[in-house]
Amino acid sequence: MLNPREIRENSSFIEEGLNRRGLKVNLDLLKAHSKKLKELEQQRSNLQAEGNAVGKEVGKQIKAGKQPNGDEVALLRNKGNSIKTKVSLIEEEEKTLKKLIKEQILHYPNLPSSDCPDGKNEKDNIQIRTWGKPLVGEDFKEHWQIAEELGLLDTERSVRIAKSRFVTLLGQGAKLERSLINFMLDMHTSKGYKEVLPPVLVNTASLEGSGQLPKFAEESFRCSEDDLWLTPTAEVPLTSLHRDEIIPFENLPIKYVAYSPCFRREAGSYGKDTRGLIRLHQFNKVELYWFVDSANSNEAYKQITEDAEAILQALELPYRVMKLCTGDLGFSASSTHDLEVWLPGANSYREISSCSLCDDFQARRSSIRTKKGKQTHLVHTLNASGLAIGRTMAAVLENGQQSDGTVKIPEALVPYFGKPFLKS
RNA sequence: GGAGAGGUGGCUGAGUGGUUGAAAGCGGCUCCCUGCUAAGGAGUUACAGGAGGCAACUCCUGUCGAGGGUUCGAAUCCCUCCCUCUCCGCCA
């Protein structure tokens, strides 16, 4: 959430930031509303002070022996009543204004950080480094083909169970998925991340707190009978793990790693990536999440990205790191590095992790603060996929495929998978 | 699903209409005392918004699960909702 105070006092700065994201906004009206609200609040608070004094005076007089129904007390009562009427009128006005303001502010995304490159869409993203040597050639199969040939998954029967864009992993496929999850969790926990297994049904407040609501309701599955949604990413429950808390300063940074299934409706992506493991309504993901003091978030941003990259390196999967331009930035992020893994079968790089710095955007929405001395201030939050499991499996299959139809398992994964090759 | 109990500060727990943002205890912090430790003493210890001052800080308003209502005045009375706990039933 953008800072309401800043909107009031420095709206052009906010407008510029939103413009860089390609949002043409004029905050004049919002600013006027916000200023008006402050005025009303001040008026009301003055009246309330007056009313409190009247109340106290009545108490004093009755204690001093004045008749509760006597003239002097009645006069004060009248005064109290007239103040009350005025206050309730103002409160009504405040309420509508507040609602109006909140609705608008919740719809505005985070401001891009100053080092975030300007641009319209993913074509303007900037490659900042690459790792490994991409395999290039005509003969590489796509991962869904390999998976089918090796009997790792069943898409057709998954439609019977659920619908399209769901997958059932079988045999070695299921085991490969499980070994990837365990491998990633182990690697991250060994670096000081605390493992979390959160609820995957989350309430509206949680989705609002991390920025998925109110704007992206159509992207999430909702339980119609309850105030619960299927989480689209563990980022949601992890943010809300500390919602409405003041985290002791000495506890920062807090670093979590969570495995969770993720659910997305993928509205608007009909026809895209219809085969295989790339785009599903349900997929597994290991997520990294940091709560840090605002002074240390840039350093943390670098570290969390490297922690995600370490998995790709350990799995010997070539990748590149892209710095997202302002037009491609996610709603809550002020800066994002995408990790794109090389898929020789698809002959392209594919996003496998998104590492984002959210500054105080989620912290403000979720009211997550820390206290240094007597000063309470918002923390900064960061998140990174570490990694998306289905896409990692796709990458392992495509990069490890051999001419004889088997797949070589990366060495680091062998202790988890149990054998160095995948064959039918 | 049935029956009951309850939601107060970091925690335990008082408080049923009038300086109660809230007793007491525990915990935390600061200082004092003490050869060290233990014990002891004094003080301090919620959050949000706003006004004023360079600042230390001072002041105002709101907040005792949430929202309404009664009243000059509500943690305290009334209504609605939410949540938690216990017992029974059911169940992985």
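No hydrogens, no waters, no symmetry mates; every other heavy atom, side chains included, goes into these values. Numbers restart at 1 for each chain; the letters A, B, ... are given by sequence-line order, proteins then strands.
- Checking B:C59 for Watson-Crick or G-U wobble geometry (two distances, each under 3.5 Å) identifies B:G50 as its partner.
- Distance, A:Asp244 CG to B:U63 P: 18 Å, rounded to whole Å.
- Across every strand in view, B:U70 sits unpaired, with no contact that passes the Watson-Crick or G-U test at under 3.5 angstrom.
- Both A:Ile62 and A:Leu76 lie close to RNA chain B; mapped to their nearest nucleotides by heavy-atom distance, the more 5′-ward contact belongs to A:Ile62.
- Remark: side-chain polar atoms of A:Ser11 are not paired, donor with acceptor, to backbone N or O of A:Lys31 under 3.5 angstrom.
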Does A:Leu201 form a side chain to side chain contact (heavy atoms under 4.5 Å, CB included) with A:Thr231? I'd like the steps, not just the answer.
CA-CA 6 Å; A:Leu201 293 190; A:Thr231 184; over 6 Å; no

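- In this structure, B:C36 forms no base pair with any nucleotide, since neither Watson-Crick nor G-U wobble geometry is met with both distances under 3.5 Å.
- What separates CD of A:Glu94 from P of B:U61 is a distance of 15 Å, to the nearest Å.
- Between the side chains of A:Ser179 and A:Asn182, no donor N or O sits under 3.5 Å from an acceptor N or O.
- Contact check, A:Asn52 against B:U19: no side-chain N or O comes under 4.0 Å of OP1 or OP2.
- Between the C1' atom of B:C29 and the CD atom of A:Glu250 lies a distance of 12 Å, rounded to the nearest Å.
- Protein atom NZ of A:Lys56 is 17 Å distant from nucleotide atom C1' of B:U71, rounded to whole Å.
- Pairing partner, B:A75: none, since no Watson-Crick or wobble contact has both distances short of 3.5 Å.
- A:Leu47 has its CG atom 12 Å from the P atom of B:U61, to the nearest Å.
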Taking only nitrogen or oxygen atoms into account, show me every contact under 3.5 Å that the protein makes with nucleotides 45-51 of chain B, one pair per line with its distance.
| from | atom 1 | to | atom 2 | distance (Å) |
| --- | --- | --- | --- | --- |
| B:C47 | OP1 | A:Lys371 | NZ | 2.4 |
| B:C47 | O3' | A:Arg369 | NH1 | 3.0 |
| B:G50 | OP2 | A:Arg5 | NH1 | 3.2 |
| B:G50 | O2' | A:Gln42 | NE2 | 3.4 |

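- The gap from the P atom of B:G50 to that of B:C11 amounts to 27 Å, rounded to the nearest Å.
- A 3.5 Å limit on both hydrogen-bonding distances identifies no Watson-Crick or G-U partner for B:C90.
- Between A:Lys63 and A:Val54, the residue anchored nearer the 5' end of RNA chain B, judged by the nucleotide with its closest heavy atom, is A:Lys63.
- Under the 3.5 Å distance criterion, with hydrogens and angles disregarded, no donor-acceptor pair is assigned to the side chains of A:Asn46 and A:Glu50.
- Judged by distance alone, the side chain of A:Arg391 and the main-chain N or O of A:Ile278 form a donor-acceptor pair under 3.5 Å.
- The nearest pair of heavy atoms linking A:Phe291 to A:Leu238 is CZ-O, 3.4 Å.
- Across all strands shown, the partner of B:C29 is B:G43, judged by Watson-Crick or G-U wobble contacts whose two distances both fall under 3.5 Å.
- With a cut-off of 3.5 Å on both Watson-Crick or G-U wobble distances, the partner of B:A22 is given as none.
- Atom CZ in A:Phe249 sits roughly 17 Å away from atom C1' in B:C29 (whole-Å rounding).
- Checked against B:C60, B:U71, B:U19, the side chain of A:Ala49 finds its nearest nucleotide in B:C60.
- For B:G6, the paired base is B:C83 (Watson-Crick or G-U wobble, both distances below 3.5 Å).
- Not a single donor-acceptor pair under 3.5 Å links the side chain of A:Gln61 to the backbone N or O of A:Glu72.
- Distance CD1 (A:Ile90) to C1' (B:G62): 15 Å, rounded to an integer number of Å.
- Atom NZ in A:Lys95 sits about 8 Å away from atom C1' in B:G67, given to the nearest Å.
- In summary, the side chains of A:Ser34 and A:Arg8 do present a donor paired with an acceptor at a separation below 3.5 Å, with no hydrogens or angles considered.
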